[in-house]
Amino acid sequence: MKADKGGVAVEERPVAVEPEEVTKITTSIFPGRYVQGAGALKSLREEVGRLGKKALAIVDPSVDKIVAPYLKSGDGVTYIPDAFCGECCDPEIERLSAVAKKQNCDVIVGLGGGKALDTAKAVAFTLGHPVAIVPTLASTDAPCSALSVIYTPTGEFARYLLYPNNPEVVVVDTTIISRAPVRFLVSGMGDALSTWFEAEDCHIKHAGNMTGRLGSMTAFALAKLCYDTLLEYGTAAKLACEAGVVSPALEHIVEANTLLSGLGFESGGLSGAHAIHNGLTILPETHHFWHGEKVAIGTLALLMLTDRPPSVIKEVYDFCEAVNLPITLEQIGLKNITDEQLLAVATAACAAGETIHNAPTEVTPKRVFAAIKAADAEGRARLAKHAAVHA
Ligand SMILES: [Zn+2]
């Protein structure tokens with residue numbers, strides 16, 4: 001058959017063997033734009049103006065004073081600020097959706113921590129409007145993602161809400177990040193630390209990413225860059241944050257925690273570190289500890305479970321110690337954990353549908369239990385050695 005395309009005759013060539021389909025399709029998902037730097041919030045109005053004229057600004061009360069100067073109407077953008085109630089739950093999503101509708105808003109802006117941002121995504125999705133995300137912490141890789149975690153009004157996990165699109169724009173002002181307590185930045189490094197190992201597992205196992213399709217080489221390369229960036233700049237970034245200043249190292253780590261880790265986990269895929277994190281949350285003692293701190297423990301256990309080379313295991317423990325991420329169960333509130341409790345954690349981590357089944361090894365609750373114990377033992381041995389040196 002011949003078709004005329006732009007004046008050029010195109011001939012279809014006969015194919016003897018059709019390629020296999022479906023299983024080999026890769027999919028990568030990205031936010032529409034990512035803006036980062038010291039003073040990046042000065043560009044917020046320009047970025048929001050690209051998306052609409054009237055913005056409902058959902059503001060975390062804890063950052064109200066910091067972000068208020070950037071929410072002045074002008075340049076064709078009107079802001080309607082509204083204080084976020086503190087929980088990403090259905091009543092709050094309904095309340096804010098009603099406000100946006102009543103005010104005829106055509107774009108949603110979320111400013112603050114993870115729950116405020118997740119609520120902004122949910123309101124935008126409910127109304128079919130674009131969303132601009134302004135994280136004021138670099139503590140997780142959630143800002144760039146196409147999902148929200150929905151809780152009950154009293155704070156229990158309810159469900160994941162998956163969206164057809166990632167946020168239209170993410171704006172990260174590193175001046176604000178540099179003035180937040182350093183534990184947020186370090187926790188973000190703990191979340192980002194898992195990204196490469198989980199993506200690598202999915203790559204080896206040919207397991208799907210968050211879209212269910214295979215990860216692309218782009219995603220795996222970004223996940224690896226995330227890990228390399230942590231090793232190279234993690235310590236210097238922590239020091240800059242402690243000093244309350246923006247340095248190139250801090251910029252690199254904020255990008256690793258927020259963008260590289262976000263792209264890496266969504267498009268590369270998750271494995272055991274996050275599943276073990278989820279298992280750990282069944283114990284109330286871990287609730288005072290942050291997502292990335294528990295993910296760091298999950299990462300160390302995953303390295304044991306998947307028999308990573310000793311040189312890699314050493315590198316990761318050295319990194320955790322250098323930036324002050326936990327390496328023992330005691331450091332996440334589990335000093336007195338019993339074997340029965342730990343087996344319950346491992347069993348929860350191995351629940352049907354959990355991402356730990358993307359690990360390229362035999363996964364059973366007892367093997368996961370052993371991996372967590374081995375990771376904790378390694379961590380304790382290291383701390384004992386340091387204590388002996390300093391004694
Ligand atoms: Zn995470």
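Indexing begins at 1, ligand by ligand and atom by atom, following the structure's order.
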Considering only N, O or S atoms, which atom of Asp191 is nearest to the Zn ion (ligand 1)? OD1
Any side-chain donor-acceptor pair under 3.5 Å between Glu266 and Ser145? no
Can you say whether the rings of Phe184 and Trp290 are parallel (under 30°), tilted (30 to 60°) or perpendicular (over 60°)? parallel
Would you say the side chains of Tyr163 and Ser148 form a donor-acceptor pair under 3.5 Å? yes
Return the name of the atom in His274, of element N, O or S, nearest to the Zn ion (ligand 1). NE2
Tell me which N, O or S atom of His291 sits nearest to the Zn ion (ligand 1). NE2
Remaining members of hydrophobic cluster (4.5 Å side-chain criterion), Val17: none
